[in-house]
Student: 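This structure is in structure tokens; I'll ask about it shortly.
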Amino acid sequence: MEKNNAPLSPAEAALRDAAREYHRAPTRGKISVTPTKALSNQRDLSLAYSPGVAYPCLDIEQDPALAADFTSRGNLVGVITNGTAVLGLGDIGPLAAKPVMEGKGCLFKKFAGIDVFDIELAERDPDKLIDIIAAMEPTLGGINLEDIKAPECFYIERELSKRMNIPVFHDDQHGTAIISSAALLNGLELVGKDIGAVKVAVSGAGAAAIACLDVMVGLGVKREHVFVCDSRGVIQSEREDARSGKLDESKQRYCQVTTARTLADVVSGADVFLGCSAAGVLTAEMVKTMGTQPIILALANPEPEIRPELAKAVRPDCIVATGRSDYPNQVNNVLCFPYIFRGALDCGATKITEGMKLACVREIAALAKAETSDEVAAAYAGQELAFGPDYLIPKPFDARLILRIAPAVAAAAAADGVATRPVEDLAAYRQSLERFVYQTGMFMRPVFSAAKAAPARVIYAEGEDERVLRAVQVALDEGLAKPTLIGRPAVLAARIQRAGLRLKLGDDVAVIDPEDDPRFRQYWEAYHARMKRNGVTPEMAKSAVRRSNTAIGALAIELGDADAMICGLVGKFDRHLEQVRDLVGLAPGARQFAAMNALILDQMTLFITDTFVNDSPDAEELADIAAMAAEEVRRFGLPPKLAFVSHSMFGSSTRPSAVKMRRAHELFSAAHPEVECDGEMHGDAALSESVRQAFLPDSKLTGAANLLVLPTLDAANILFNVLKISASQGVTIGPMLLGAAKPVHILTPSATVRRIVNMTALAVADVREARG
Ligand SMILES: NC(=O)C1=CN([C@@H]2O[C@H](COP(=O)(O)OP(=O)(O)OC[C@H]3O[C@@H](n4cnc5c(N)ncnc54)[C@H](OP(=O)(O)O)[C@@H]3O)[C@@H](O)[C@H]2O)C=CC1
Ligand SMILES: CC(=O)C(=O)O
Ligand SMILES: [Mg+2]
């Protein structure tokens, strides 16, 4: 990556701006510390702090193992750097490294539920660094060293592992080694080459490269087949530093007696290229000279040693992996570090052993060859996920990573004798890990993937709204949709310019001018044809089409000019619904419209219905609404789990609304026996299995419900808004309109750009689903 003041392409400039905005707003940075206990009265205060806190303190003094029960230490990892080798950006210092460390913290949390303190230390002296980090043992359950440069990192990690009684892991070394080794094993299997016979050319001799090589040699690569370059060329015996004995021991292990001097020399004839160095150092010319079906692991971040398209252009037979998420085969340590720590923390491991690392290699390599689960297929809809040159290793959003790696690591820790709390029942442990699978990180992924696989034509009724224009820009950049804006061209152009957007009217984006469009006649005639038996004259049809952009959008869908519509950013929900009801109508089999909203909260994702349409649906209507809502939940790759919620708990009340909810559950359950559901029940019972089981141990609903069916519109709408406002970090999706004959979503005036983008993706995914 170029430094910030270098000229950037428009796409790179857009990414830079988006990244700055993402880091700055709505809160500064990416991570915060949140209390997990109530602290709302005098008693809480005396428990959380003095005097009550003294008791767990004294208990821990007596028995240090109790710190795992009484504090958050057992789930807390320190991501620690001194900023000397930050991604491929180099020695940018600890302060500038902080966004990366916060980022690692987010990944730990989202993928494995692990809390992180990111700790950036202004200290370069290895011995002092060791002392500082070792002194943090009482605070942390594990240490993830990050972006500390070689060769110091080897010494630092070795000494800390010796001194500390908690897992210490240098992510850039071992995380990278684990993933790249899995990719190498699978790549060699695909090209049918023997690991003992392949020639490996390497760019980089730092933390990542040396660790990768050590594992690869352990797996069978012959050391004499390995040729390594650092920033000064090939590491070989004639080099001045080699002759004078100044070569670090880690490089010395790979020093060769050879006439090769440059990367080009060693790449020639190589079967494998491993790059953990710097952007663009491997040229297309060099790739041309590689052996048959070469495997190229170009892992420098964020810009790899070579872009896959350049390598493929000269060698279509090559297999390429990079550290980036925008190409196939993302070899990135994010596939490993959340899960190896999950397993290590859960069994109280005191070390990360070779056995635990090899367990990760095995699981990751095997996972790429395992049959793809429904969730993964949904998450990466439209992509080829069969083991092959473009699918060497699993994808980061593969939910099975945690389910497979963490138990394998815990088992290996027990086998190696480092587990202080060995996991007794691995099957039960694996099941307990499912709670992490459907959390926020994964949530919109299936919908976006489905949309990207087949971008459909989405029409936006409020095209002139700046939020819509910004969302459309994102939709275009992401390849989510082919947009049509309803709006006056001059106004649209002025607002696009004022917002500094790049979308081009008529080019990227179609336009319907509500004041002057050649299709006007066609549209009002269609309106009239549809409404003439509702007392609408041709003149009234003309005026209705002129007055309502939502009507224009609905007619555009009706006449085949668009596939889906987003509207509702201005005006009342019910006015938009009226147009949709009249002009789009109900889907075959649907008996009413309904609305559902989703909340992505820290601990869970919740869908709530009916938030906007039906005042007080009866039991039959609620059962129908629940069925439509459950279907929509599946669109997110989630198995729906329904709770019909009420003031009543499994018959504790006989008031009409309790009876209604009970009946709604019975009707739904009879029609959809395959879906997990129960009711009527309290809201807490819906989310807590233990509360529910105290009343009904054999409930058909397991774990937490993810879809709450509420008795009335008031209840649903109020619940949704209260949750929305009380969850500071919550993301909301919706309202999703259920029951319409075509994908139409009526948003609300409070919709943000992000919500419009999400709803665009959902509308496109709906189109895809409807087309089958
Ligand atoms: N995809 C992934 O998961 C990961 C990728 N990486 C990437 O690997 C790269 C190195 O990281 P790391 O090992 O932690 O950093 P280090 O600083 O420890 O090592 C960097 C190495 O790259 C060498 N190098 C620098 N420039 C060149 C060049 N032009 N040609 C050949 N070698 C060069 C350095 O040479 P010298 O020894 O002479 O200074 C050094 O050996 C980064 O780009 C990082 O983003 C790292 C970890 C994970
Ligand atoms: C991925 C990573 O840790 C790095 O590039 O440094
Ligand atoms: Mg790193």
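Computed from a predicted structure; not experimentally measured. Order of listing sets the numbers, starting from 1, for every ligand and every atom in it.
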Student: Between D91 and K149, is the closest basic N to carboxylate O distance under 4.0 Å?
Tutor: no
Student: Aromatic contact between F169 and F337, with the criterion being ring centroids under 6.0 Å apart: yes or no?
Tutor: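 They do not qualify: ring centres at least 6.0 Å apart.
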Student: Would you mind reporting whether Q330 and R324 have side-chain heavy atoms less than 4.5 Å apart?
Tutor: no
Student: Of all the atoms in ligand 1, which lie at a distance below 4.0 Å from a heavy atom belonging to A150?
Tutor: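 Once the distances to A150 are compared, the set is 18 (O).
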Student: Side chain, backbone, both or neither: which applies to N332 and ligand 2 if a contact is any heavy-atom pair less than 4.0 Å apart?
Tutor: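 For N332, the contact with ligand 2 is made by the side chain alone.
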Student: Answer with side chain, backbone, both or neither: which part of V281 has a heavy atom less than 4.0 angstrom from an atom of ligand 1?
Tutor: side chain
Student: Which ligand 1 atoms, with their elements, are less than 4.0 angstrom from a heavy-atom of G204?
Tutor: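 Every atom of ligand 1 under 4.0 Å from some heavy atom of G204: 22 (O), 23 (C), 32 (N), 41 (O).
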Student: With a 4.5 Å limit on heavy-atom distance, are the side chains of V320 and N329 in contact?
Tutor: no
Student: Can an N or O of A205 be found at a distance shorter than 3.5 Å from an N or O of ligand 1?
Tutor: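 The answer is yes, given that A205 and ligand 1 share an N or O pair closer than 3.5 Å.
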Student: Tell me: protein heavy atom nearest atom 3 (O) of ligand 2, and distance?
Tutor: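 The closest one turns out to be K104 NZ, 2.9 Å.
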Student: Could you check whether any side-chain heavy atom of R342 comes within less than 4.5 Å of a side-chain heavy atom of I402, counting everything from C-beta outward?
Tutor: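 Yes - at least one pair of side-chain heavy atoms lies under 4.5 Å apart.
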Student: Would you call Y155 and D127 a side-chain contact if the rule is heavy atoms closer than 4.5 Å?
Tutor: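 SC-SC contact between Y155 and D127 confirmed.
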Student: Please report whether ligand 1 has a polar contact with G206, defined as an N or O pair separated by less than 3.5 Å (distance criterion only).
Tutor: yes
Student: Report, in ascending order of atom number, the atoms of ligand 2 lying under 4.0 Å from any heavy atom of L87.
Tutor: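 Near L87, meaning under 4.0 Å from one of its heavy atoms, ligand 2 has 4 (C), 5 (O), 6 (O).
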Student: With heavy atoms under 4.0 Å as the rule, classify the contact between N301 and ligand 1 as side chain, backbone, both or neither.
Tutor: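 Looking at N301 and ligand 1, atoms from backbone and side chain both fall under 4.0 Å.
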Student: With a sphere of 6.0 Å drawn around CZ of R253, does it hold more than 12 non-hydrogen atoms of other residues, nucleotides or ligands?
Tutor: yes
Student: I'd like to know whether ligand 1 has K251 as a neighbour, heavy-atom separation below 4.0 Å.
Tutor: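 Yes; K251 lies near enough to ligand 1 that a heavy-atom distance drops under 4.0 Å.
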Student: If you count the atoms of ligand 1 from 1 in the order shown, which ones are under 4.0 Å from a heavy atom of V331?
Tutor: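 Per the distance check, 1 (N), 2 (C), 3 (O).
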Student: Considering only heavy atoms of S203, which atoms of ligand 1 have at least one such atom less than 4.0 Å away?
Tutor: 30 (N), 31 (C), 32 (N)
Student: Could you list which atoms of ligand 1 come closer than 4.0 Å to a heavy atom of G88?
Tutor: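 Under 4.0 Å from G88, ligand 1 has these atoms: 42 (C), 43 (O), 44 (C), 45 (O).
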Student: Looking at ligand 1, does any of its N/O atoms fall within less than 3.5 Å of an N/O of L299?
Tutor: yes
Student: Any heavy-atom pair between the side chains of V77 and F108 that's under 4.5 Å?
Tutor: yes
Student: Under 4.0 Å, heavy-atom basis, I'd like to know which part of D172 is in contact with ligand 2: side chain, backbone, both or neither.
Tutor: side chain
Student: Contact between Q173 and I210 at the side-chain level, heavy atoms closer than 4.5 Å - yes or no?
Tutor: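 Result no, sub-4.5 Å side-chain heavy-atom pair not found.
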Student: Tell me, which protein residue and heavy-atom name are nearest atom 5 (O) of ligand 2, and how many Å apart are they?
Tutor: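 Protein heavy atom with the smallest distance to atom 5 (O) of ligand 2: N301 ND2, 2.8 Å.
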Student: With the side chain counted from C-beta on, respond yes when L145 and L160 share a heavy-atom pair under 4.5 Å apart, and no when they do not.
Tutor: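 Contact flag for L145/L160 side chains = yes.
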Student: I need the atoms of ligand 1 closer than 4.0 Å to a non-hydrogen atom of K149, numbered in the order shown.
Tutor: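 Close to K149: 17 (O), 18 (O).
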Student: Using the rule given for salt bridge (charged side-chain N to carboxylate O under 4.0 Å, His left out), can you reason through R232 versus D230, listing the C-alpha separation, both sets of side-chain angles and the distance that settles it, and then say yes or no?
Tutor: CA-CA 5 Å; R232 301 170 56 202; D230 62 11; 5.7 Å; no
Student: What do we get for T176 next to ligand 2 when only non-hydrogen atoms under 4.0 Å count, side chain, backbone, both or neither?
Tutor: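 Near ligand 2, T176 shows nothing, with every heavy atom at 4.0 Å or more.
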Student: Under 2.8 Å from the Mg ion (ligand 3), which protein N, O or S atoms do you find? Ignore water molecules.
Tutor: E146 OE2, D147 OD1, D172 OD1
Student: Quick one: salt bridge (charged side-chain N to carboxylate O under 4.0 Å, His left out) pairs with a partner in residues 275-286, sequence neighbours left out?
Tutor: E285-K288
Student: Just wondering, more than 12 heavy atoms not from Y327 lying within 6.0 Å of its OH?
Tutor: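 Correct, the count exceeds 12.
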Student: Between N333 and ligand 2, is there a nitrogen or oxygen pair with a distance under 3.5 Å?
Tutor: yes
Student: So do L121 and I133 actually touch side chain to side chain, heavy atoms under 4.5 Å?
Tutor: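 Side chain of I133 against side chain of L121, heavy atoms only: contact under 4.5 Å found.
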Student: Under 4.0 Å from any heavy atom of E146, which atoms of ligand 2 are there?
Tutor: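 Listed by number with element, the hits are 3 (O).
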Student: Please work out whether any backbone atom (N, CA, C, O) or any side-chain heavy atom from C-beta onward of D147 is under 4.0 Å from ligand 2, and answer side chain, backbone, both or neither.
Tutor: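 Side chain only.
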Student: As an exercise, identify every atom of ligand 1 less than 4.0 angstrom from a heavy atom of A300.
Tutor: 7 (C), 43 (O)
